[in-house]
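Computation of the quantities below employed the complete heavy-atom set of this structure, encompassing side-chain atoms and omitting hydrogens, waters and symmetry-equivalent molecules. In this chain, numbering begins with 1 at the start of the sequence shown.
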Amino acid sequence: MRIGVRVTRDEVSAVAAHADGRFSRARSAASGSRTRVVADTLALLAGDGSESVSAVVFEVSGALDREVDASVVSVLIEPRRPREPRRHLWPAEGIPVEIAHVSGGHNALGHELVPLGEDELSRLSAGMHAGSHLVVSAAGAAVNPEHEHRAAELLRSAVAVGSITESSTFYSDSLLVREFTAVLNAVLLAGAEQLAASLADAVSQGLGEGVRAFVATNEGGCTPLSRLAITPVHSICADLAAEMLGAAELARRPDARIIVARPGAVRIGEFVDGLPSVVSRAVLRGGISLASSVAHVVPLTDLLLSGSAEPPVTVLVQGAERELESFGIAPTLVTDDDLVAVGAAVAPVSYWHNRVARVVGADDIERVLAEGEAIARANLVSWGAHPAAVRITESRVLATTYGEAQMIRVRVRGMAATDASGFPSGARLEERRA
């Protein structure tokens, strides 16, 4: 049995997929101790313990909180200061950030353009407050992150920082997109660490030791819960992907365009081989981009309805009947389930490998792809997946934006099948109230 749990600031909603084909669900108000509420909900779904729980997947996009009084310093390492002030992305999100420029950086081939300004870093560290969150972003770090590594080490040894994030942790051709992603991740860290610890305790209290815990990510997969305290930014839009995944599972259509109509929103996404199609950037309000792969879920339009000869599968959440009237379509399935919790319950374990590599021929391309696939497999196995259950769903090379012809981007996606990767046919839903 696998359990999916949607955790928000106000509610805990969970769905369990049983080995014999039953579904059960539980829902509780998030009052008092969140750990206790989640633990009680898990224990309720586990029942008498006759069926063991193999894994719990949490969807937490509605529970992530920013550190409102965080002190953030963004250290930009570039060959020279820009003539015009940069239009950074984070002011639109209301995040106060101090900017510091340091000389350094590499070119598109990974060659050093300017030596790292270590003296500048020393002077910068002297004026920093203890507990500050530092974000280090270097030109060319997607190819060669050496200056980011060295700068982070120097600052860490000189200042008692709250955290240091190297923006090359997040892949993007754009320096400022990586910077914004790292800044947003930094202000989520404190809350995400507390949330991850609380949920881990809840699993232990509600189900006992030995049950694996995961967190849903915004591309329709999940990663170990411990990753939430390191890269919470990959979970901030996970509800959209999980909702689509839940709708596809309930409709039993792993390869189709899926429409989900709920009060206030009608969205469409496309599934191929049981997985949502993915774009390489998450786009927030105002057009702000994140260096994070995300399920391609968009508001439904009449144009999108006409985009395929095969009609899409429409899942209607009860209470949203009027949302479909303007489109003139009838629902394929009507449900009162929490689709986000359902999607979390069936989300596969997922690992992305992004790397920029220099190649001179077909043999080099084959080598870097094989290396990427091996890394993806190794990480999934280290997370508890059986080697035979791992499959590579994407393995390809892409040209780098404005890059050298011999520099390519390698993108590999690995997925791990689980014993509850889909709902058995003929399943019935049982409701339990916490």
Side-chain angles (χ1 to χ4, degrees), residues 67 70-93 95-189 230-231 233 288-291 354-358 400-404 406-407 409:
E67 190 178 349
S71 174
V72 182
V73 179
S74 176
V75 181
L76 285 171
I77 302 173
E78 301 176 282
R80 59 181 178 270
R81 289 174 177 266
R83 291 184 177 181
E84 298 291 333
R86 288 194 178 279
R87 298 180 62 185
H88 293 269
L89 301 175
W90 33 258
E93 290 291 302
I95 304 173
V97 180
E98 178 185 344
I99 305 172
H101 288 274
V102 173
S103 59
H106 293 78
N107 65 11
L109 293 174
H111 300 149
E112 186 178 75
L113 292 170
V114 176
L116 179 64
E118 297 186 3
D119 292 340
E120 299 172 59
L121 286 168
S122 297
R123 291 193 295 271
L124 176 64
S125 63
M128 286 185 180
H129 301 292
S132 296
H133 297 288
L134 306 186
V135 171
V136 181
S137 308
V143 180
N144 187 347
E146 180 200 0
H147 282 186
E148 284 191 3
H149 295 340
R150 285 171 53 197
E153 291 175 1
L154 288 168
L155 292 170
R156 190 178 291 111
S157 63
V159 187
V161 297
S163 69
I164 294 184
T165 304
E166 299 172 29
S167 70
S168 57
T169 303
F170 309 99
Y171 180 81
S172 174
D173 292 324
S174 169
L175 173 66
L176 295 187
V177 169
R178 287 193 284 111
E179 180 208 28
F180 173 70
T181 306
V183 166
L184 184 55
N185 192 77
V187 297
L188 291 171
L189 284 174
I230 303 171
T231 53
V233 74
I288 296 173
S289 296
L290 288 180
N354 282 289
R355 176 194 168 194
V356 176
R358 185 175 183 177
T400 55
T401 305
Y402 305 118
E404 300 287 343
Q406 56 195 302
M407 303 301 295
R409 175 188 173 191

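- Contacts of Glu148 classified as salt bridge (Lys or Arg N to Asp or Glu O under 4.0 Å), with partners at least two apart in sequence or in another chain: Arg178.
- When atom types are taken as modelled, the side chain of Asn185 and the backbone of Ile230 share a donor-acceptor pair closer than 3.5 angstrom.
- Among residues at least two apart or in separate chains, salt bridge (charged side-chain N to carboxylate O under 4.0 Å, His left out) pairs with a member in residues 97-121 are Glu118-Arg150.
- With sequence neighbours left out, Arg355 forms a side-chain hydrogen bond (donor to acceptor under 3.5 Å, both in side chains) with Glu371.
- The minimum heavy-atom distance linking Val183 with Val97 is given by the pair CG1-CG2, 3.8 Å.
- Aromatic ring centres of His106 and His111: separated by at least 6.0 Å.
- Side-chain contact between Val177 and Phe170 is absent, with no heavy atoms from C-beta onward closer than 4.5 Å.
- Applying the salt bridge (Lys or Arg N to Asp or Glu O under 4.0 Å) test to Glu78 and every residue at least two apart in sequence or in another chain returns Arg86.
- What you find for His147 and Gly105 is that their closest heavy atoms are ND1-N, 2.9 Å.
- For the pair Ser172 (side chain) and Ser174 (backbone), a donor-acceptor distance under 3.5 Å is present.
- Scanning both residues, Leu155 and Leu121, for their nearest heavy atoms gives CD2-O, 4.0 Å.
- When all heavy atoms are compared, the tightest approach of Val75 to Val102 is CG1-CG2, 3.8 Å.
- Within the structure, the side chain to side chain donor-acceptor pair (under 3.5 Å) test picks out the following pairs touching residues 124-143 (sequence neighbours left out): Glu67-His133, Ser71-Ser132, His133-Ser163, Ser137-Ser167.
- Of all heavy-atom pairs spanning Tyr171 and Ala291, the tightest one is O-CB, 3.3 Å.
- Closest heavy-atom contact between Glu179 and Val135: O-CG1, 4.2 Å.
- Partners of Thr165 under the side-chain hydrogen bond (donor to acceptor under 3.5 Å, both in side chains) rule, at least two apart in sequence or in another chain, do not exist in this structure.
- Annotation for Arg156: atom CZ counts as buried by contact number, over 12 foreign heavy atoms lying within 6.0 Å.
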